[in-house]
Each structure stands twice: as C-alpha cells, then as structure tokens.
> 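Below: one structure in structure tokens.
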Amino acid sequence: MDATGACIIIGGGLAGLSAALALAPAPVILLSKAQLGTEASSVLAQGGVAASVGPDDDLALHLADTLKAGDGLCDAVAAKAILAAAPAAIENLLKLGAPFDRDAEGRLMLGLEAAHSRRRIVHAGGDGSGREIMRAMVARARNTPSITLLEGVEAHRLIVEDGAVAGIVAEAEGEPLLIACNSVVIATGGVGGLYLHGTNPAGSFGSGLVLAARAGAEMADLEFVQFHPTALDSDEFPLKLISETVRGEGAVLVDERGHRFMAQTPGKELAPRDIVARAVFAQLTAGHRVFLDAREAVGSRFAEKFPAITGFCHAMGIDPATQPIPIRPAAHYHMGGIKVDLAGRSSIEGLWACGEAACTGLHGANRLASNSLLEAVVCGGFVAENVAATSPTRRRKLSQHLLQIVPQNPAPVRKIMSRAVGVLRERDGLRRAAGALLALSRTDAAASDAASVGLMIAVAALRRQESRGAHARIDYPGLAAAPRRSTLRLDEAVRAAEEFLPEMAD
C-alpha cells in the first residue's frame, strides 16, 4: 500500500484524533487496532481537562502547580507552552462538540483535583469526561473526508531506511500489510497493561514505544510510571478508576478500622498522587484494607455527581452513598515515552509522537491530574502543525520487508513488572527483572514487545539512584543532588541487562 502522500497516525485515542482533525483537509490514514473509541485510555478518563479558565486562575498558577507536581524534572519551557494553549483547546473542543458541563448561568463548571491550587478541571457528564469528549471526536473524525480510518489494523514494525521513516508493517485480519509512507505519528497511549493492576486497556503495553525503540528512537524518563492511588479493588482487568475528583469533593482514605491514615500528611488526601499511592500501598503491604469514604462528604449526592463510578460500585454490590469503597493503587499513566520536542518530533526523521506515548517534559517525574487529556489535545495540534509544515527531503523507495505476524500478549510480563518495577523499587529486584525481561523478549515471541518495553523501564529505574516523583527506590530514599532527565535506547537497555544474566544463573 502506497501512502507516501498521507500522514499515518497510529492510535485512535484523543491524541491521535486531535492530530488527525487538526491536519484536515490534508490526507491522513489513522490506524486503530480496535473499533475507534473503544480501546483507548482516553475513553476511560473521568476527571476532565485541566485549563486555567476560572476567574481566580491564570497560566502562572497552573504552571506553578505543574512544576511542583513534576518534582524538579518538568521542562519548564514546554510546560508553559502547552499550558498556555489550554484555554484555546477548551474552545476548540467545544466547537468539535464536546458537551462540557455548565452551571445554571451557563458557565463552565470547574472541578478540583489533587495538587491543583484552583478549581480548573473542565469536565463532561460528571465523571464521564473521556467518554463524552471521545464520542464527539470520533463522530467528527468519521465525518471528515480527509481521514481514512483503518480499524482493526495494528502496527507491528516501523521501517526506517537511510535514517528516515519509509513505512510500517501492520496486521490486517491476521495478514501482514506493508504501507509505504514518509510521515508517521505514534499516539498509542501508555503502559498500564504491563502490570497486574492497571487502569488502562489490557492492550496498552507500550506498543508505540517498542515501534519507535526497535527503529532506534531515543526514549526519555521511562522510569516514571504513575500509580493512581484509588482504583476500585476487584479481580477485573483493567481496574475501574475512582476519580480524584471524589477526593476533591472531600472523600477521605481510611483502613478497615476507620482510621484516616493520611490526616497528618501535608495536603492529606489531595497530596500529589505519588505520595498518596505510596501511603495506600504501605497500608496494603502491612495487611490492612483501604477504603475511600465519601459518605460524609458526598453521601446522597454521590450518584448525581459521579454516575459512572456509582455504576461500577453497584456492579460490585457497593453503595458509595452509604458504604466506603475498597481501593488499591494501579498503574495509570506513563510520564516517560518517546523523546520528542515541543513540535512532537522524535530522533528519527519523519517520526512524530504525541499523547501518553510521547515524552514532552510537561509532566516531569509526576503528572499533575488532568494535564494528560490537555496534553493529548494540545500536542496533537502541535504535531499536526509541524507535520503540515514539513516536506520530505526525498521520496524513499521502500524495499521489501517480510515479518511474521505474532499476536502480542503482555500477560507473562505483568508479574515481573508488578513485583520489581511497581510502586516501590530496589536494586536487586530491578536487576533480576531486567534479566528476566531480556530473556522473555528473546524466548517468547508473543510477549517480546511487552518484555522489551518493560526491560527499558527496569533499566531506566536502575539507573535512577534516587526517589523522585513517581519513582521510589527503597535503597535510595532521598533526592539526588541535582535533578536530571534520563534518556535511553533499546540497544543500551539490552546491553545493560545482559550483565545481569550470569547473576540470575547463579
């Protein structure tokens, strides 16, 4: 298939759709491995979009909150540019049909989430923001003639020739599909599917990261995996999320005895997510159960304010208006990803990335709540602008590439990642994990992609000998003298892990 005249976008979540719609009327081919809007993490988002649109808010306050949550590792220039575009992004989403909630006077309703100093979360359908925004975006994409949707098509390898993108190998109905192209945008989401407990779709195991990494692209800040502190504790996968806005309305965290264990913590239940997640994890490790108690703060208004969460709870036989909700931390968001500049350009010519698969530096070591949907929308637009302004320097002839298509299964990776590369990490566990993941990437074809992503995360976590943001080392509990961002390529991770294989044999 020759698509050299079109931009290929891999991923049908909010970032990919934002880029595709912003590129119109330029031709776009969008690949989604599931029906559009069904397997994207964006659909599951509850909180909303952070934007400084309130009368008591401004860019400086939003930026200060973002930098504080990022624990010294945000790219301040990138963060300021992305956050400055937030109000316009809200206006654009409204034009695209996003049904944001309004009060009786017609003003946008604004929610409060952890580590925000102002109410600035623009939401839709109460706690159904992602679902409602995606419904509007999907409808608009399906009615945009310049966007060709290839649903049920999964990208497996990126083809790079002479240092530039030349095409992709994808799978369509179990058969290889070779697509020649000059520009590719990766917008495949996060890595929650690498863990036993995650809030992302099961297929979100970093497929876009391994596409770029196998092609030689540079990664950044991979060790920073955010664990949401309040996922509904159940045997499901993925776990349902209990939005931070519930704590924003005053719900508290208690153990099975009713003890409020965060009462003495600065910020209490609205401390940054990494702090809350570690506190909950410590309670579980000590043998306690943990609950989110909204009975006093919300009570009978719970179903009205949080209809989706109410449905999740009722399905488990829990009435959140009268009963505390059992919760646990779960892998939720990856601050790291494909290293890109503000325009979304990677280290490979012709390859861009946006959304959770990319690392712009906005989030630093710990994402501020609801900055993720914001980044997806804004950076999808930035990428589209740069793609449109970039002309291929030459037309590349795609040589024949044959690839055996193996359905990917991240399940064998989950126990390794959860045990050693989870909420708390330490040297020996990380070394064993890196060796095991390297071996798995070489011996289990179905788990090879997921194992390669896990390997890079484990090696990055080993290299960061400090505790910062979402990365917590038991053996290095303090901060390093100077904050530094990390970079890594797949071949570096492989060489590092090969050193640990003899230790495993011993």
Side-chain angles (χ1 to χ4, degrees), residues 11-15 32-47 127-134 154 187-209 225-246 273 276-277 280-281 284 290 292 306-316 318 320 325-335 337 355-357 367 369-370 372-373 376 407-419 421-423 447 449-450 453-454 457 470:
L14 186 57
S32 176
K33 64 182 179 181
Q35 184 179 357
L36 199 61
T38 60
E39 285 291 314
S41 295
S42 308
V43 177
L44 305 176
Q46 294 174 354
D127 57 357
S129 299
R131 180 190 66 238
E132 296 303 320
I133 294 169
M134 283 291 290
E154 183 175 3
T188 48
V191 299
L194 294 177
Y195 292 86
L196 290 171
H197 304 291
T199 63
N200 306 148
S204 294
F205 58 84
S207 59
L209 273 61
V225 179
Q226 185 176 80
F227 291 82
H228 198 291
T230 56
L232 182 61
D233 193 5
S234 73
D235 295 326
E236 292 185 343
F237 192 94
L239 294 182
K240 298 293 194 297
L241 187 67
I242 307 300
S243 172
E244 208 158 82
T245 53
V246 180
R273 283 182 175 176
V276 183
V280 173
F281 186 77
L284 295 174
V290 180
L292 185 63
F306 306 109
I309 295 172
T310 299
F312 303 156
C313 292
H314 284 176
M316 286 186 59
I318 299 164
I325 306 166
I327 57 94
R328 66 170 304 120
H332 181 60
Y333 190 86
H334 196 195
M335 278 73 73
E356 193 173 351
R367 174 178 68 93
S370 290
S372 50
L373 292 186
Q408 290 297 302
N409 178 18
V413 173
R414 290 174 181 150
K415 186 175 290 187
I416 300 171
M417 293 294 291
S418 299
R419 182 173 58 239
V421 203
V423 176
D449 281 1
V453 178
I457 295 173

> Taking C-beta and beyond as the side chain, do V246 and T230 meet within less than 4.5 Å on heavy atoms?
no
> Does a side-chain heavy-atom distance below 4.5 Å link L14 with S372?
no
> Looking only at heavy atoms, which two atoms of S129 and G47 are closest? And how far apart?
OG-O, 3.3 Å
> Set out, in order, the CA-CA distance, both residues' side-chain angles and the distance that settles side chain to side chain contact (heavy atoms under 4.5 Å, CB included) for F205 and V413, then state yes or no.
CA-CA 10 Å; F205 58 84; V413 173; over 6 Å; no
> Using the test salt bridge (charged side-chain N to carboxylate O under 4.0 Å, His left out), find all partners of R273 that sit at least two apart in sequence or belong to another chain.
E244
> Do the non-hydrogen side-chain atoms of I457 and L194 ever get within less than 4.5 Å of each other?
yes
> Using only heavy-atom distances, determine whether the side chains of T199 and H332 contain a donor-acceptor pair under 3.5 Å.
yes
> For a 4.5 angstrom cut-off between non-hydrogen side-chain atoms, does S234 reach K240?
no
> Got a second to check how far L292's CG is from I242's CD1, nearest 0.5 Å?
7.0 Å
> Taking the side chain as every heavy atom from C-beta outward, state whether V43 and T38 have any pair of such atoms under 4.5 Å apart.
no
> Between P201 and A40, what is the shortest heavy-atom contact and its length?
CG-C, 4.1 Å
> Do you know the tightest heavy-atom contact between S204 and N200?
CB-CB, 3.7 Å
> NE2/H334 to OG/S41 distance, rounded to the nearest 0.5 angstrom?
13.0 Å
> Taking the side chain from Q226 and the backbone from Y333, do they hold a donor-acceptor pair closer than 3.5 Å?
no
> Tell me, do L284 and V290 make a side-chain contact under 4.5 Å, heavy atoms counted?
yes
> For the ring pair Y195 and F227, is the centre-to-centre distance below 6.0 Å?
yes
> Minimum heavy-atom separation for A45 to L373, with atom names?
CB-CD1, 3.8 Å
> Does the D127 side chain pair with the main chain of I309, one donor and one acceptor, at a distance under 3.5 Å?
yes
> Ignoring hydrogens, what is the shortest heavy-atom contact between V225 and A331? Give both atom names and the distance.
CG1-CB, 4.5 Å
> Considering all heavy atoms of both residues, which atom of V280 and which atom of P329 are nearest to each other, and what is their separation?
CG1-CD, 3.6 Å
> Side-chain contact test, heavy atoms from C-beta onward, threshold under 4.5 Å: evaluate it for F306 versus T245 and give yes or no.
yes
> Sub-3.5 Å donor-acceptor pair from the side chain of E39 to the main-chain atoms of G203, do we have one?
no
> Can you tell if the side chain of R328 reaches within under 4.5 Å of the side chain of L239, non-hydrogen atoms only?
yes
> Main chain of Q46, side chain of S243: is a donor-acceptor contact present, judged purely on distance under 3.5 Å?
no
> To the nearest 0.5 Å, what is the distance between NE2 on H197 and NE2 on H228?
16.0 Å
> For G13, does its backbone N or O pair with a side-chain atom of S42 as donor and acceptor, under 3.5 Å?
no
> Rounded to the nearest 0.5 Å, what separates atom CZ in R414 from atom CZ in F237?
4.0 Å
> In Å, rounded to the nearest 0.5 Å, how long is the span from CG of L232 to CD1 of I327?
9.5 Å
> About how many Å separate CG of L196 and CE of M417, when rounded to the nearest 0.5 Å?
10.5 Å
